[in-house]
Amino acid sequence: MGFGGKKGTVSPSERNPSPRPKRRPKPIQKRKLKRKNVEELKQEVVLDDHRLTLEQLSAKYSVDLSRGHTPERAKGLLIQNGPNVLTPPPTTPEWVKFCKQLFGGFSLLLWTGAILCFVAYGIQLYFNEDPSKDNLYLGIVLAAVVIITGCFSYYQEAKSSKIMESFKNMVPQRALVIRGGEKMQILVKDVVLGDLVEVKGGDRIPADLRLISSQGCKVDNSSLTGESEPQSRSPDFTHENPLETRNICFFSTNCVEGTARGIVIATGDSTVMGRIASLTSGLAVGQTPIAAEIEHFIRLITMMALFFGVTFFGLSLILGYGWLEAVIFLIGIIVANVPEGLLATVTVCLTLTAKRMARKNCLVKNLEAVETLGSTSTICSDKTGTLTQNRMTVAHLWFDKTVYEADTSEEQIGKTFAKGSDTWSVLARIAGLCNRADFKTNQEHLPIAKRSTTGDASESALLKFIEQTYSSVTEMREKSPKVAEIPFNSTNKYQVSIHLREDSSQTHVLMMKGAPERILEFCSTFLLNGQEYPMDEEMAAAFQNAYLELGGLGERVLGFCFLNLPSMYAKGFPFNTDEINFSMDHLCFVGLISMIDPPRAAVPDAVSKCRSAGIKVIMVTGDHPITAKAIAKGVGIISEGSETAEDIAARLRIPVTQVDTRAVKAIVVHGSELKDMNSQQLDHILKNHTEIVFARTSPQQKLIIVEGCQRLGAIVAVTGDGVNDSPALKKADIGIAMGITGSDVSKQAADMILLDDNFASIVTGVEEGRLIFDNLKKSIAYTLTSNIPEITPFLMFVVLSIPLPLGTVTILCIDLGTDMVPAISLAYESAESDIMKRLPRNPKTENLVNNRLIGMAYGQIGMIQALAGFFTYFVILAENGFKPFDLLGIRLDWDDRFLNDLEDSYGQQWTYEQRKVVEFTCHTAFFISIVVVQWADLIICKTRRNSVFQQGMKNKVLIFGILEETFLAALLSYTPGMDLALRMYPLRIAWWFCAVPYSILIFIYDEIRKLIIRQRPGGWLERETYY
Amino acid sequence: RESFQPEPGEWKRFIYNPTSGEFLGRTAKSWGLILLFYLVFYGFLAALFTFTMWVMLQTLNDEVPKYRDQIPSPGLMVFPKPLSALEYTFSASDPSSYRGYIEDLRKFLKPYTLEEQKNLTVCPDGILSEQKGPVYVACQFPIFLLQACSGMSDPDFGYSQGSPCVLVKMNRIIGLKPEGTPRIECIPKDENVASISTYPNNGIIDLKYFPYYGKKLHVGYLQPLVAAQVIFSANSTKKEVTVECKIDGSPNLKNQDDRDKFLGRVAFKIIARA
């Protein structure tokens, strides 16, 4: 039920004039159909049953409103419409998820590398009897790296994405229906359209119901709308909007108290909840920014690999190698370009940040989402519970013709007001006595503000306020016991209670509180400094002003008055509250108390931080525009001095249409206006206003707002706690659910959970996200640099025909051994400048890995590193008798197993094995040289702009990383047995120092480069080398 | 979300953009600057590398390598070296099948002819010829020591008779002083198939050829040789034998290493076809 235009009386164009296509006849393709359905689900709930009279209702569903369906008809309907359950979404099997981890993004690159290795080995095996097994081993190692990292990520994310399960849990099990005049308990899945259902306090609503009768029924709609207050339900049609009218109860919400009878108007997936569920699960989730970055990176690296590979393929053919050898070289070069350790490094860096964020109350469900918050340029925040404390608190009092401010801070310290006035004590007594809220027991140890109460939010607020600022309400109530009361109802809009007077226990006092304008009608006098004066024009005007002022702050205002009942109503008088038998006019007006759900203390600061970080904060709330605007102003979403068009119009006394729209930066958009907008108009609003509040929005509208922001290129974070928020949470680039108040569904749909529900934690998340983006750049720059000293040996082996300077084993020792910890340690690097003072990165132009980074890593630092390695290599060979020039062209002889009298530069002759030991010693030395130059590389990668001397060496993990890689290198070289296991040989101490000059060169070169960048911002060097 | 994959048209514009004059994403000036930068940068690196290499070469001694610990013990090698594995395949009746070998042998033995050796010293047998320099003399190795394999009596080194000669030599190592009385012992794997004659007798390597002082100092140095002649048994139909040679009689010359099959030993195969 509720699909656009499905049911007759309401024409869709009337309710929903948006230009989006609606239900077209017979979509051709299946995929199109699915897409269309999601579009359709995004439409507003169109429901007209709430306007129907009971007769119309009865006719529409052809059901008897007292006897219900006949069992036969119910059976028929059940077959016709299917059971009343939510269709579970097509779940992804675990193995598919696992495969996604194994074959997604970066892994694909490694797999390609591994396959190429096996191909190369296969070729060698086919044409050679006894090929070197290097390619085989490399392929196996690559595959192992992907599998291990894949398992790790899978394990990290195993808990997430169970989105529909919580929906399933929400489906109630049994329902009480009346069929054929008989009450019967049936399974909820058997409830059919038009069934007459009875619900009572504690039940879950079995389907969407249109109430036909109720007794004190209240429902908790929080799981649907996010409003935490129980709302009363009655058969009356009170609002056009089906979500707000009183006569509809929604599937899977809770009935808190009272009883009600209703007709089922929608079941299963067509219920409002079902629509949200299908909408959420039907939304296509986009790629995370970091995944896009990694894709971009892979393309760059692949291009580099192909460029190198093809160039040297051609070169080796020119040099006279055979086709087969050239193909092996091609594969070897392409594979050598694969940064084996980077996948693990990135995963670990993200995990570390996720852990760090979890400590700061941001629990990240999806590892890639860690960075998303850092790229965020727009935050769509819910109001209740995120920006506000989610508890009504007394904010202002008005008595003695003065407005007093109450303390709304979470800690309740500071502000005080005129407690000396007699009016205050009267007001406090009314607020305390004419109040049905009470503290729950056994909470004496808690501060008053934290205690939980029974009763509605306003009464609880008053109770806590009086307890805090006046005296114990319990004592007050003991001294003046209540003898009669008229509870609040929406027609009266007031509440009356009659108490014995404390001073003379024989007479009664009548106390009343309620909507201020209603209260004033009852009053003929007013209290000023404890004295009663007759009501006059001046007082009425003062009252009006105060009421408007407090109402304008978005606060809920209550009026208070009392009457000392004359002695004819002395103790023992039988008060009858149904047929009022006592005097209820000429009351004495005391004052007003206004309440609000106050903003959290940390929020204004957090919002201003977001603003200085270039992040637009948009408030999207289901609350009323006035309250929303007041809170938005309170927390700085609408900044001080900023005016909406309406404000300007009011100030200049001109019509709203004449306001210069260019001057308007702030806007409050009502859900009903939004409903009438097309996407261009929405884009216009989003583009041209910096301070936006959306009030009275529906779940579908939240989604439309998020899509609008994304259409403008923003990376959008959405916060929310209700089921209503879950489509927007899912659609957002990063959905942030509330850990304490959030519904399970919203938590499932979100990528991140704020454990303390505090908006300020998001700022921490943004900071961490931006930091990890910067630090990942550094990590990647560091890791990629050593690629050049790893590839060039093979290239020189091919081109110059020298003995191979660096083997596969040693390359793996670098990539998967010594480089790992230092690369990860860069994730612990602190920010270079205030990262919260710069704009969010532009995902189109500011990439994780760009040409400049590749240029720096490959073209500059990497080249210096390669020279360091070659220098060491030539030193070792020369010192053992093979001078550099004699090595050129020696390759074929050198690698000839049967040539065992190879002559060196001094006339000595070497067996194959003897010179291979020297060669492997060279590999080891080349490897250690890379470690030595990577020391310098690690230090220069700490910063991208600042000098290391400005940044300092405070990163202890990094220092540990340097020590660890050195120790590991020494271990690999000097451990006895390494010559057999990995063919690595001990080095002479002097050989460690060959690379040191190059290490120093790297450091000096980069310091100079960064110095020039700092001194000439925007200069050529910055444009070409700042990554 | 849109992907970053460029459209085909964009590729074309990437290669050459007529509006901005960009070629592969850069203007001519931009290309010029970046190429100049890398030219200077790599020029500087090349200079630096050359300099460090030059410094390193300065530290080297021209006569003796800095370290000799990687070759403490000499390898053993045969001559001539067949193209692939150490397998000599020939047919006595087909001179072209062994011409390569005997040409190699002739070339190799050229320095050993008496004329070439006449400037060399006649050294006393059986003792090391240790020298102090500055001039280092080389000892004569009279080629007739190789007897049947000297190429003097038989220019075909026995190949035409089906009894081929293979030279076995010990790798030169600067400063190596063998102890004891080193000799090379060659044995066929199957004694029924063939027997081996070694020349000089007993495959003796005289100590007077040691130590070696290096290519630069020790001009005209002649490496002592041992010839091994494989003589197939007349009654054996199989003309295929594996010969193993190793250094014997010297405690400081290793002939048994698990990994290095050529350290103080060598194995080769002779296949004589009809």
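Chain letters run A, B, ... following the sequence lines, proteins first and then strands; every chain starts at 1.
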Do the non-hydrogen side-chain atoms of Phe44(B) and Leu1001(A) ever get within less than 4.5 Å of each other?
yes
Which residues share a salt bridge (charged side-chain N to carboxylate O under 4.0 Å, His left out) with Lys215(B), sequence neighbours left out:
none
Does any heavy atom of chain A fall under 4.5 Å from the side chain of Gln223(B), the backbone, both, or neither of them?
side chain
Counting heavy-atom pairs under 4.5 Å to chain A, which of Thr52(B), Ile34(B), Leu33(B) comes out on top?
Thr52(B)
What closest approach, in Å, do Met170(B) and Gln909(A) show between heavy atoms, and which atom pair accounts for it?
O-OE1, 4.0 Å
Pick one of side chain, backbone, both or neither for Lys81(B), based on which atoms fall under 4.5 Å of a heavy atom in chain A.
side chain
Residue among Leu1021(A), Val917(A), Leu899(A) with most heavy-atom pairs under 4.5 Å to chain B:
Leu899(A)
Under 4.5 Å heavy-atom distance to chain A, tell me which part of Thr50(B) shows up: side chain, backbone, both or neither.
neither
Angle class for the Phe41(B)/Tyr1005(A) ring planes (parallel below 30°, perpendicular above 60°, tilted otherwise)?
tilted
Considering only heavy atoms, which portion of Leu980(A) lies under 4.5 Å from any heavy atom of chain B: side chain, backbone, both, or neither?
both
Which atoms of Val64(B) are under 4.5 Å from chain A, going by heavy atoms: the side chain, the backbone, both sets, or neither?
backbone
Taking side chain as everything from C-beta outward and backbone as N, CA, C, O, which of these in Leu217(B) sits under 4.5 Å from a heavy atom of chain A? Side chain, backbone, both or neither.
neither
Answer key: most heavy-atom pairs under 4.5 Å with chain A among Leu57(B), Leu45(B), Asp69(B), Leu176(B) is Leu45(B)
Sort Tyr912(A) into side chain, backbone, both or neither according to what part of it lies under 4.5 angstrom from a heavy atom of chain B.
neither
Under 4.5 Å heavy-atom distance to chain B, tell me which part of Tyr985(A) shows up: side chain, backbone, both or neither.
side chain
Assess the residue pair Gln860(A) and Tyr38(B) against the criterion (side chain to side chain donor-acceptor pair (under 3.5 Å)); give the C-alpha distance rounded to whole Å, side-chain angles, the decisive distance to 0.1 Å, and a yes or no.
CA-CA 8 Å; Gln860(A) 296 161 42; Tyr38(B) 276 106; 2.9 Å; yes
Yes or no on salt bridge (Lys or Arg N to Asp or Glu O under 4.0 Å) for Asp904(A) and Arg172(B), after CA distance, side-chain angles and deciding distance?
CA-CA 10 Å; Asp904(A) 67 14; Arg172(B) 290 194 293 267; over 6 Å; no
Ion pair Arg68(B)/Glu879(A), N-O distance below 4.0 Å
no
So, do Lys261(B) and Thr911(A) sit near enough that their side-chain heavy atoms are less than 4.5 Å apart?
no
If we only count heavy atoms from C-beta on, is the Phe262(B) to Glu913(A) side-chain gap below 4.5 Å?
no
Among the options Lys916(A), Glu1024(A), Met863(A), Arg915(A), pick out the one with the most heavy-atom pairs lying under 4.5 Å from chain B.
Glu1024(A)
Going by an N to O cut-off under 4.0 Å, is there a salt bridge joining Lys883(A) and Asp62(B)?
yes
Side chain / backbone / both / neither for Phe79(B) at chain A, heavy atoms under 4.5 Å:
neither
Tyr221(B) versus chain A, heavy atoms under 4.5 Å apart: side chain, backbone, both or neither?
neither
Validation row: Tyr906(A), Glu63(B) side chains within 4.5 angstrom (heavy atoms)
no
Contacting region of Asp896(A) [heavy-atom separation from chain B under 4.5 Å]:
side chain
side-chain contact (heavy atoms from CB on, under 4.5 Å) between Met56(B) and Phe874(A), worked out
CA-CA 9 Å; Met56(B) 183 269 289; Phe874(A) 283 123; 4.3 Å; yes
Which atoms of Pro884(A) are under 4.5 Å from chain B, going by heavy atoms: the side chain, the backbone, both sets, or neither?
side chain
I need the minimum non-hydrogen distance between Asn171(B) and Asn900(A), along with the two atoms involved.
ND2-O, 2.8 Å
